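All remarks here apply to the structure that follows.
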Amino acid sequence: MPVVTLHRADLEQMVGRDTNTIVEVLPLLGADVECVNEEIEVEFFPNRPDLFSVEGAARAVRGILEVETGLPHYLTTPSGITLTVDPSVNVVRPYVVCAVIRGVSMNDRTIKSLIELQEDLHWGIGRDRRKASIGIHDFSRVRPPFRYTVGETPFVPLELTDLLTPAEILRVHPKGKEYAHLVGSHHPLILDSEDRVLSFPPIINGELTRVTDTTTNLFIDVTGREMKAIQDCLHILVTALADRGASIETVDVVYHDANEVLKTPNVAGATHVISRKDIEQRIGTDLDEETILASFAKVRMDAQAKDDLFSVTVPCYRTDIMHPVDIIEDVAIGFGYDRIPSSYPKLGTIGKRLEQEHRATLARDVLQGLGFIEVITLMLANESDEAVIIENPILEEHVSLRTSLLPGLIGTLALNQHRDYPQMVYEVGDVTRLLDMSNVEERLLCSGVIASTEANFTEIKRVVSALLREFTIDFEVVESTHPTFIEGRRATILAKGQAIGTFGEIDPDILTDHKLVFPVAAFELNI
Amino acid sequence: MEELSKNDLLVLQTLKRFKKMPVETLAKETGLKFEAALQSAYFLHTYGFAQVIETVDTIYRLTDEGSSYAEKGLPERQVHDYLLIHGPTRLAGLKSLFPAVSVAIGWLKRRRWASFAKEDGESLLVPEAADEAPEERLLREVRYRPHFRLADVSLEPQEAQHALQELARRNLVRTHDTTAREVVLTGKGEDTAQFGQYSTGRDVSVLTSDMIRDGTWRDRLKPYDVQVDAAPLYPGKGHPLRRLIDEMRDIFIAMGFAEFKGPVVENEFHNFDVLFVPQDHPARDEQDTFYLRRPAALELPTDLVKRVAEAHISGCQGSIGWGGEFDLDRSRRTVLRTHTTGSAFRYLVRHPEPPAMIFGIDRVFRRESMDSTHLPQFHQCEGTIHGDDLSLADLIGVLKTVFRRLGFTRIRFRPGYFPFTEPSLEGDIFVNGRWMELVGAGVFRPEVTEPLGLKSVLGFSIGIERIAMLKLGLNDIRKLYMSDIAWLREVPSETL
C-alpha cells in the first residue's frame, strides 16, 4: 500500500490544526501513521489516491475535524486552448485529457511533492503507467494549439542533453527501457504548434517543458487506455493544485475520428441518490436525517434530503465511488466506526466440525498418547514427480507443493540433531498430488518418525498397528518398493486391497544426506 | 531382627570395655586390620551403636630450602646483614654475592628494610631498620623440629597462621593433614553388645511384588530423599499453533459456525475474480502471488463466469464496474490461494440458501521472502456469514465476541479497505502498550454477492500466527514452522 510523505508544516497550515490533532484522526480515514517527524509518513488505502498528497489529505482531515465541511467547490474557466487527437494513437494509447493551471508558485518542496503525487498516481491508478500516465509541463515554454499523434520527432528527453528520436529513447533512456513494452513500435507524442515535443507518453517528458521554481503556469496531459483512469488522475491533480490557490482552465480535446470535443477537466462531482433505509440497513443502526447529513458533510460530500432519500454530490476526485455502498461506507466513517453499536446476527445456525478434522484429531490423540510430538511444516517443498509446480518460486527448496509429509519430518530431525534422543515427531497435514495436467488431488496425511538408537521396523509397525486399531481399519502388510526406506525393511499397508500407507526404516543414504547418525523408522498414512 | 557380623560384634564388645578409644587402639585391641576396624566403626556409627568423632590434625614440615633458611636466615635478612656491615651497596655488586638477590630485593622493599638511592646513575641499596619478622621468629622456633603443629609456636595463632601461609607460598613449609578418629560407645551400643542382635529398620529401596505379598515392605522399605531431582520427562503433545487452531475452532463451533475447507490450488477466478478484484489489481502481480507451472490452468464454471465477468466489466445493481476487458485465460490461470475468502465463496455457491455461518482455518500463500515476520505460507481463519439484511453492526458484534473469547478485551474498529467489501473495517487489539491489527473484515460488495445469487454476506479473516506469536511471546514467526524439538518439549501447553 502506498506510503505518502506529508510535510508537517504544510499539513498543519493547510488543515489549520496542530499535528497531534491531525495524527489522531488519520486512522479514522483508514490511514496508518507510520512515522511522525518533520515529515509524516502515512500509509493510505490504495482505493483513495485522492489522499496521496498533502493537499488531498488536508482536505479530508479538515472535514473529519469539522474545520471545513461539505463538498469542496472548484471553478474552471475555458482556456480556449485545443489539443487535437490524431487517430494514429488509437492502436497504442487512444485517450488523452488535459488541463491548464495558472498561478502556481513552485519551490523545491512543492515540485518534489507534485512529482511524488504523479508517481503515486502512476502506480495507484495508472497500474505502472499502463492505464494512465501524466505529463506536467511549464506552459510558458510552448505554444498551443497542441497535437497528440504518433510520430518520430526527435527531442531532448528529461535527464539527458542529446536530441533523440523516440525510438532511440526507448533504447538508451532508463525510463525508455523500463516502459518500452507499453508502446511497441508506435510512439505517441504531444507536440505544440511549432512541432516541439512536450511529451512522449507514457515514457518521458521533454526537457523543454521541465517545471522549475520559476514556473507559474502548467499544462497537464494525462494519456492512457481507459477514459475513467485518465480522468481520475487529472481530477486528483487539478484539485490538489487548486487547493494551493491555483486556478483551473479547461482544454478542448478534439477527437477527430469521433467528431467529438471533450472539455477537460470536468470538476463537477457526480450525483447519486441513496435511501435512508439502505444506509441504516447496511450500517445496522437507526440514523436520523440530521445525523446522516452531518456525516456526509464530514466526508466532504453535499447532500439534500427529501422523503428519506438523499441526493448526494460526490467530489470529482473521489475515484473510488462505484456503487451506493461506497457512499454508505463514507456515512459510516463520517458517523464514526466507534459509535456504531454492536448487534449479533439472529440466524439460528448450528456449529459443526469438518468430518476430516474428526479423523485428524483422532490420529493426533493416538500419536500423542504414544509419546509423539506434533510439528507443523511448510507445504512448500522441492519435489518433482506428481507435484504441483510453482511458476515463480523464490527459493530453490520451495519450488513445489509437498506430496508427502516425510521430507518435512526428516528435515525437522535434521534441525534437531543436538537435541535429546529419542525423538518422536509427527505431522497431520494436507498434501497435493497432480493427477493430470488439469486435476489436482488434495488429501490429508498422517506421518510419524522415530529417531533413536533402537528405532526399527518392528517399533514403527507397532505404532501403525495401534493407530489403525483405533481407526478400526483392518489391514494387511506386503513388502514395499518405496525408495525412502531400506529394501527388505519396508512395507505397504493395504486396507480392503487399497494401499493406504507405508512404513519402514529410512534409507541410511537419506539419513547421511541430512547428517543424521541414528536409525529412523517412519510411517505415512492416508486418513 | 538382624545379627551383627562377627567383626562388628567384636568391635562393639571391645568398645564396651573401653567406652571410647582411637581407631588405631581399637584395631590393636581387637586384632583386626586398621581398615576393617574403621569399617566396623562406621557401620556402628550409621546404626547408632557408636559415634565416630573425627578430628583433623594439621602437621607442618620445613622444606629443605626452609631448613636452610632457618639456619642461615631468609635471603632478605642475609642481604640486610651484608648492608649493615658494608654500608649502602650498588645492586650490581650484590648480584654476584647472593644467588637469590632478586627475591631478597623484593622482600626488602616489601618489608621496608632497605631503600633505593642513585649513585652515578646506578641503583644503590641503603639499609633501614629491620625488626625480626613473624616468619623469621617461627623459623627460629621450629628449626630443629622435623615437624610441628600450630600449638608448638609461641606466636599468636592468627599471626602464626599468617606467617605459615607466607612460608608455604614461598615453598619453605609444607602442610600435611591427618584425621584422628575416636570411637565412642552409645547407650544403644551398650545394650546391643550383649546379644549382638539388632533391627536394621528400613533398608530396602526397591519395592518388589514379594514384599507386597508378604507385607515385609512395611518394615523394610527405605524412605527416599524427596528433594532429589528427577530427570525431566516430556509428554507427546500437540503443536502450540494447533492448540490455538483448536481453541478457535471450539469458539466458532460454539457460536454456531460450521467448518468449511477449500483447495489450496485455485484458479484466479476463484481466488480473485469472484471477489471482484480487478484483473489488473496489483495483488495479482507475479510479485505477490505464487503462480503455477503445473497445473497451469483450471477449468471455469461456465454460467458463473459469465455473471462474474459482467460484474467486472459493467457492474451490476447500480455499480459501474471496473470497465476494460475480462480475460478468461487470466481467470483460468492457477495460483496458490492467497486467502481463504475464495474458499468460503466456493462453499456459499454450493450452499446458496441462507442462513449460513461458516469458518475455516487453513493455509494461504503469499510470495514473500522468509524473515522473522514473514513466511510464504501461513494460516488464516476465515469467517463468513450469509443472511438477509446483515450489517456492519452485526459484523462488529460477532468480532467482539470472538476476540473476547480469545481473551482480548480492549478492541477497536476502524475503517479498512479490501476490493471485495464495502464498508470494510480493521479490528485492533490493545496489547503490550500498543494497538495491534488482528482482523480484516467487511460487508461484501453487491458486485461479489449478486452474480453468485447470494443475499448479504459478512466476512472476516484473522491472522493466526500473529495471535500465536503474541501468546507464546515469540518474535520470530519461523519458529512455528521450523520446529525446535527442545522448544516444543519445554513450551507449556497452558500458554496456548
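Given the structure is predicted, the values throughout are model-derived calculations rather than measurements. Note on naming: letters A, B, ... go to the chains in the order of the sequence lines (proteins, then strands), and numbering restarts at 1 for each one.
- For B:E437, the CD atom sits in a packed shell: over 12 heavy atoms of surrounding residues, nucleotides or ligands are nearer than 6.0 Å.
- Across all non-hydrogen atoms, the minimal contact from B:V264 to A:M379 is CG2-CE, 4.0 Å.
- Proximity of a side-chain donor or acceptor of A:R130 to a complementary backbone N or O of B:D280 within less than 3.5 Å is not detected.
- The backbone N or O of A:N392 lies less than 3.5 Å from a partner atom in the side chain of B:R367, making a donor-acceptor pair.
- Contact annotation: the side chain of A:R353 never approaches that of B:F257 to less than 4.5 Å [non-hydrogen atoms, C-beta and beyond].
- Scanning residues 333-340 of chain A against chain B with a 4.5 Å non-hydrogen threshold yields A:I333, A:Y337, A:I340, sorted by number.
- Using a 4.5 Å heavy-atom cutoff, the side chains of B:P423 and A:R282 are in contact.
- Remark: side-chain polar atoms of B:Q377 are not paired, donor with acceptor, to backbone N or O of A:L380 under 3.5 angstrom.
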- Task: Kindly indicate, with the supporting measurements, whether the criterion side-chain contact (heavy atoms from CB on, under 4.5 Å) is fulfilled by B:W322 and A:M322.
- Result: CA-CA 8 Å; B:W322 295 116; A:M322 302 177 70; 3.7 Å; yes
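- When all heavy atoms of A:L434 and B:R294 are compared, the closest pair comes out as CD2-NE, 3.3 Å.
- The closest donor-acceptor contact from the side chain of A:T349 to the backbone of B:G256 lies under 3.5 Å.
- Only the side chain of B:M370 comes within less than 4.5 Å of a heavy atom in chain A; its backbone stays farther off.
- Of the two parts of B:L425, the backbone and the side chain both hold a non-hydrogen atom closer than 4.5 Å to a non-hydrogen atom of chain A.
- Only the backbone of B:T289 comes within less than 4.5 Å of a heavy atom of chain A; no side-chain atom from C-beta onward does.
- Judged purely by atom type and a 3.5 angstrom limit, A:Q423 has no side-chain atom pairing as donor or acceptor with the backbone of B:I485.
- Looking at A:Q281, its side chain does come within 3.5 Å of a backbone N or O of B:D389 through a donor-acceptor pair.
- Under the 3.5 Å distance criterion, the side-chain polar atoms of B:E422 are left unmatched by any main-chain donor or acceptor of A:I327.
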